[in-house]
A.B. asks: 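Sharing a structure, written as structure tokens. Questions coming.
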Amino acid sequence: MFASWALTRGLAGAIHHEDFPEALESLKQRRETPGSWFYKACDGKLIDEDLNDEGNRFAQFYYAEADGQLIIRAGSFLADYEATFPEFDDLYSVTDTWESFDRLSPIIDRRFQEWRNLTRLD
């Protein structure tokens, strides 16, 4: 859901604007679910070219890693994802719907704004 969030928030890389504008518009118009769109348009992998510079910097901050492994720390994507969907047994069981996206998006929006405020102080 993070990729769909980022691309609907103006953080799409040039490849989506230049090579796949119809797919990007399809996402914005919610013609298919966020996960379905991500697997179709990005082969299920978020890579640097999917995001612009600001999007990549935020993704690196928000996805906490240690020794090449994603970790769950307060304020990280995984922690926010788990806290948003406590009724699911694991992260992969969350329903791929716009309703789920709309539950998670305000949390990511807040983290993004917090990150922007932090980076302005540097």
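Everything quoted here is computed from the prediction, not taken from an experiment.
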A.B. asks: Do S105 and D102 pair up side chain to side chain, a donor and an acceptor below 3.5 Å, judged on atom types alone?
C.D. replies: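 No.
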A.B. asks: Against W5, only a single residue in F101, F112, F38 fulfils ring-ring contact (aromatic ring centres under 6.0 Å, His included); can you say which?
C.D. replies: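 Testing each of F101, F112, F38 against W5, the sole residue satisfying ring-ring contact (aromatic ring centres under 6.0 Å, His included) is F112.
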A.B. asks: Distance from K40 atom NZ to F20 atom CZ, nearest 0.5 Å?
C.D. replies: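 If I round to the nearest 0.5 Å, the distance is 12.5 Å.
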A.B. asks: Checking side chain to side chain contact (heavy atoms under 4.5 Å, CB included) for the pair S93/F85: CA distance, chi angles, key distance, verdict?
C.D. replies: CA-CA 9 Å; S93 298; F85 303 106; over 6 Å; no
A.B. asks: So, taking the atom named CG in D96 and the one named OG1 in T33, what distance separates them when rounded to the nearest 0.5 Å?
C.D. replies: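 So the CG of D96 and the OG1 of T33 are separated by 3.0 Å.
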A.B. asks: Other residues, nucleotides and ligands only: do more than 12 of their heavy atoms fall within 6.0 Å of CG on D90?
C.D. replies: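 Yes.
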A.B. asks: Report the residue from E32, E25, R31 that forms a side-chain hydrogen bond (donor to acceptor under 3.5 Å, both in side chains) with Q29.
C.D. replies: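 Exactly one pass, corresponding to E25.
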A.B. asks: Please name the pair of heavy atoms, one in A3 and one in L46, separated by the smallest distance, quoted to 0.1 Å.
C.D. replies: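 Shortest heavy-atom contact: CB-CD1, 3.9 Å.
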A.B. asks: Show your reasoning for whether side chain to side chain contact (heavy atoms under 4.5 Å, CB included) applies to L7 and L24.
C.D. replies: CA-CA 8 Å; L7 273 64; L24 184 56; 3.9 Å; yes
A.B. asks: For a quick test of reading the model, state the closest non-hydrogen atom pair linking Y39 to G44 and the distance between them.
C.D. replies: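 Minimum heavy-atom contact is CD2-CA, 3.3 Å.
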A.B. asks: Check whether F58 and I15 end up in the same hydrophobic cluster, where Ile, Leu, Val, Met, Phe, Trp and Tyr are linked by side-chain heavy atoms less than 4.5 Å apart.
C.D. replies: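 F58 does not cluster with I15.
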A.B. asks: On the 0 to 90° scale, with breaks at 30° and 60°, tag the F2-Y62 ring pair as parallel, tilted or perpendicular.
C.D. replies: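 Tilted.
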A.B. asks: Could you tell me if the side chain of L27 sits less than 4.5 Å from the side chain of T8, heavy atoms only?
C.D. replies: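 A side-chain contact exists here, since the closest heavy-atom pair is under 4.5 Å.
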A.B. asks: Start with the C-alpha gap between F77 and R111, add the side-chain angles, then the distance that decides, and say whether side chain to side chain contact (heavy atoms under 4.5 Å, CB included) holds.
C.D. replies: CA-CA 9 Å; F77 177 74; R111 297 294 186 204; over 6 Å; no
A.B. asks: Is any side-chain heavy atom of L51 closer than 4.5 Å to one of H16?
C.D. replies: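 Answer no - side chains too far apart.
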A.B. asks: For E54 and R116, what are the C-alpha separation, side-chain angles and deciding distance, and is it a side chain to side chain contact (heavy atoms under 4.5 Å, CB included)?
C.D. replies: CA-CA 9 Å; E54 184 179 35; R116 274 185 160 171; 2.8 Å; yes
A.B. asks: Is S4 close to W37 at the side-chain level, that is, under 4.5 Å between some pair of heavy atoms?
C.D. replies: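 When only atoms from C-beta onward are counted, S4 and W37 do touch, with a gap below 4.5 Å.
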A.B. asks: Strictly distance-based, threshold 3.5 Å: is any side-chain N or O of S26 a donor or acceptor partner for the main-chain N or O of E22?
C.D. replies: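 Not confirmed, S26 side chain does not pair with E22 backbone.
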A.B. asks: Taking 4.0 angstrom as the limit, do D109 and R9 come out as a salt bridge?
C.D. replies: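 Looking at R9 together with D109, the answer is yes, because their closest N to O distance falls below 4.0 Å.
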A.B. asks: Are Q60 and N56 close enough that a side-chain donor and a side-chain acceptor fall under 3.5 Å?
C.D. replies: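 No, because no side-chain N or O of Q60 sits under 3.5 Å from a partner of the opposite role on N56.
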A.B. asks: Are I107 and W98 connected, step by step, through hydrophobic side chains (Ile, Leu, Val, Met, Phe, Trp, Tyr) whose heavy atoms are closer than 4.5 Å?
C.D. replies: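 In one cluster: yes.
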A.B. asks: More than 12 foreign heavy atoms under 6.0 Å from CD of Q113: is that the case here?
C.D. replies: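 Correct, the count exceeds 12.
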A.B. asks: State plainly whether the residues R103 and E99 are in salt-bridge range, i.e. N to O under 4.0 Å.
C.D. replies: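 Not counted as a salt bridge, because no side-chain N and carboxylate O are separated by less than 4.0 Å.
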A.B. asks: How long is the straight-line distance from CG of D50 back to CG of L11, given to the nearest 0.5 Å?
C.D. replies: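 L11 CG to D50 CG: 12.0 Å, rounded to 0.5 Å.
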